[in-house]
Amino acid sequence: MHFRDLGEQWDNLHHQSISMPAKSFVIIFLLPLFSVVVGNETVQSEEYPLVVSTWPFVEAVRAAWKAVDGGSSAVDSVVEGCSACEELRCDGTVGPGGSPDENGETTIDALIMDGLTMEVGAVAAMRYVTDGIKAARLVMQHTEHTLLVGEKASEFAISMGLPGPTNLSSPESMEKWTKWKDGRCQPNFRKNVSPTNSCGPYSPTHYLQHPGETCSSTGHMLTTNSGLPRVGLHSHDTISMAVIDRMGHIAVGTSTNGATFKIPGRVGDGPIAGSSAYAVEEVGACCATGDGDIMMRFLPCYQVVESMRLGMEPKLAAKDAMARIARKFPDFLGAVVALNKKGEHAGACHGWTFQYSVRSPAMKDVEVFTVLP
């Protein structure tokens, strides 16, 4: 509603108020203030707030819901939800204490995106700081940059007031790493190197002489490295969350400690806007999880949001994004959740059964939706 239209309503009501009961006047005047303008449509506010997250991370969604239902902004509510998951160490793949790299160290990737301003803050391969999503928000709020990485990201976060330096490893992560080392560092993410069955040091071999990987005539990547670490039900690595607040503003965020036994320095899709998450105020949002090394090559969440911008419903937009990846990598594991501005949501997945969590005003508590491949 334009201010001019609101003024005209005021004038009309003012002239009519002499013959109207005071209580009726207040009701008629206030109703338009509880609606949110979306493009050329007006969506009633009872559809908001709304929280959507990858996986059955119910406590994280409850934390975000408590914040947004209490009047917090979409950005702050995403931070609350992802922070709860970091503290709970959701499935051992979010926050400190999980997913050691080849050296046994745990590092953090995180992202926050404001769908109204299109501002993004992210950290990648961050050491010594447990609060990934809060560090990402500091990057967004207090720098002109989008992404800070490694130990310098840690220095920035600590200088801005976050606790640290802290050892991000845990007894569980170190035990996992020790067993992996005892197993000659198998499986791992190396390819086209020798030796192939030890902990290195490694040297490159010529790509065309490597028997385990070739390109097929159809463009599919083929591999015989069955020992390659796979993303699985309890190593899906990422919480990706979207929140629409009471004002209809939308934000997304992610947090992860990355792939288990990754090569040190590896950055997945978690801190990459358009891959793990994306939001556009007038369209909607997307959350993703899965094999980040493959998914980040396709920016599936950017694709989902742009498909919805062109009129595609969330379910079809999500399926289309998965199909684009599967055509090149038919064995990949991944999933996305699409959420439009109307509050309609749907998921799609490839290679596994996927679940995502939702909390809306119509629900008494968080509900978990299951999506079949």
Side-chain angles (χ1 to χ4, degrees), residues 53-55 60 75 78-79 81-83 85-86 90 93-96 98-99 101 105-115 117-158 160 162 164 168 189 231 235-243 251-260 262-279 285-305 334 336-337:
S53 170
T54 54
W55 302 112
V75 168
V78 166
V79 172
C82 290
S83 290
C85 214
E86 291 171 345
C90 291
T93 60
V94 179
S99 299
D101 64 17
E105 183 179 6
T106 296
T107 55
I108 302 292
D109 297 343
L111 170 144
I112 187 81
M113 180 175 187
D114 187 333
T117 65
M118 302 304 287
E119 290 178 296
V120 175
V123 292
M126 185 174 69
R127 310 171 73 189
Y128 312 133
V129 176
T130 62
D131 301 302
I133 191 68
K134 292 179 180 177
R137 180 171 59 180
L138 288 171
V139 174
M140 184 175 74
Q141 292 179 336
H142 299 291
T143 81
E144 296 291 343
H145 302 310
T146 293
L147 175 64
L148 298 182
V149 302
E151 197 164 339
K152 294 303 179 181
S154 311
E155 291 178 7
F156 169 78
I158 293 170
M160 298 302 290
L162 291 183
L168 301 186
F189 287 95
V231 175
S235 62
H236 35 66
D237 300 333
T238 305
I239 179 173
S240 184
M241 176 178 285
V243 173
V252 292
T254 69
S255 184
T256 176
N257 51 42
T260 304
K262 59 184 175 286
I263 298 171
R266 178 263 190 185
V267 174
D269 66 330
I272 308 301
S275 187
S276 64
Y278 198 68
C286 169
C287 304
T289 185
D291 189 340
D293 287 299
I294 291 177
M295 295 177 72
M296 67 193 299
R297 303 169 191 174
F298 294 83
L299 298 179
C301 275
Y302 176 82
Q303 182 65 55
V304 165
V305 173
V336 294
V337 182

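Just so it is clear, the structure is predicted and the values come from calculations on it, not from any experiment.
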Can you list the steps and then say if F156 with E151 is a side-chain contact (heavy atoms from CB on, under 4.5 Å)? CA-CA 9 Å; F156 169 78; E151 197 164 339; over 6 Å; no
Apply the test side-chain contact (heavy atoms from CB on, under 4.5 Å) to residues T130 and L168: give CA-CA distance (whole Å), side-chain angles for both, the deciding distance (0.1 Å), then the verdict. CA-CA 7 Å; T130 62; L168 301 186; 3.5 Å; yes
Can you list the steps and then say if V252 with Y278 is a side-chain contact (heavy atoms from CB on, under 4.5 Å)? CA-CA 6 Å; V252 292; Y278 198 68; 5.6 Å; no
Any chance you could lay out the side-chain contact (heavy atoms from CB on, under 4.5 Å) test for T254 and C82, step after step, and finish with the verdict? CA-CA 7 Å; T254 69; C82 290; 6.0 Å; no
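Using a distance-only test at 3.5 Å, with no hydrogens or angles considered, a donor-acceptor pair links the side chain of T106 to the main chain of G98. Side chain of E86 to main chain of G132: a donor-acceptor pair is present (N/O by atom type, distance under 3.5 Å, no hydrogens or angles). Judged by distance alone, with hydrogens and angles left aside, the side-chain atoms of T117 form a donor-acceptor pair with the main-chain N or O of E119 at under 3.5 Å. In this structure a side-chain-to-backbone donor-acceptor pair under 3.5 Å is present from D109 to A125. Of the possible polar contacts, none joining the D114 side chain to the M118 backbone as a donor-acceptor pair under 3.5 Å is found. With hydrogens and angles ignored, the 3.5 Å screen pairs a side-chain donor or acceptor of T54 with a backbone N or O of S240.
Closest of all the heavy-atom pairs between F189 and K262 is CD1-CA, 3.8 Å. Considering every non-hydrogen atom in both I108 and P96, the closest pair reads CD1-N, 4.1 Å. The heavy-atom pair separating A285 from A242 by the smallest distance is CB-CB, 4.0 Å. Closest of all the heavy-atom pairs between T260 and S99 is OG1-OG, 3.5 Å. Nearest heavy-atom pair, A110 versus P271, reported as atom, atom and distance to 0.1 Å: O-CB, 3.6 Å.
No side-chain heavy atom of M140 sits under 4.5 Å from any side-chain heavy atom of L138. Side-chain contact between C301 and S276 is absent, with no heavy-atom pair separated by less than 4.5 Å. Side-chain contact between V336 and C287: absent, with no pair of heavy atoms (C-beta onward) separated by less than 4.5 Å. Using a 4.5 Å heavy-atom cutoff, the side chains of I112 and I133 are in contact. Taking the side chain as every heavy atom from C-beta outward, T238 and V94 never approach each other to under 4.5 Å. Residues M113 and V78 are not in side-chain contact: their nearest non-hydrogen atoms beyond the backbone lie 4.5 Å or more apart. Proximity of D269 to T289: side-chain heavy atoms (C-beta onward) are nowhere separated by under 4.5 Å. A heavy-atom distance below 4.5 Å is found between the side chains of R297 and I294.
Atom OG1 of T143 is separated from atom CE of M160 by 9.0 Å, given to the nearest 0.5 angstrom.
Ion pairing between a basic and an acidic side chain is recognised when a charged N comes within 4.0 Å of a carboxylate O; R266 and D293 show such pairing.
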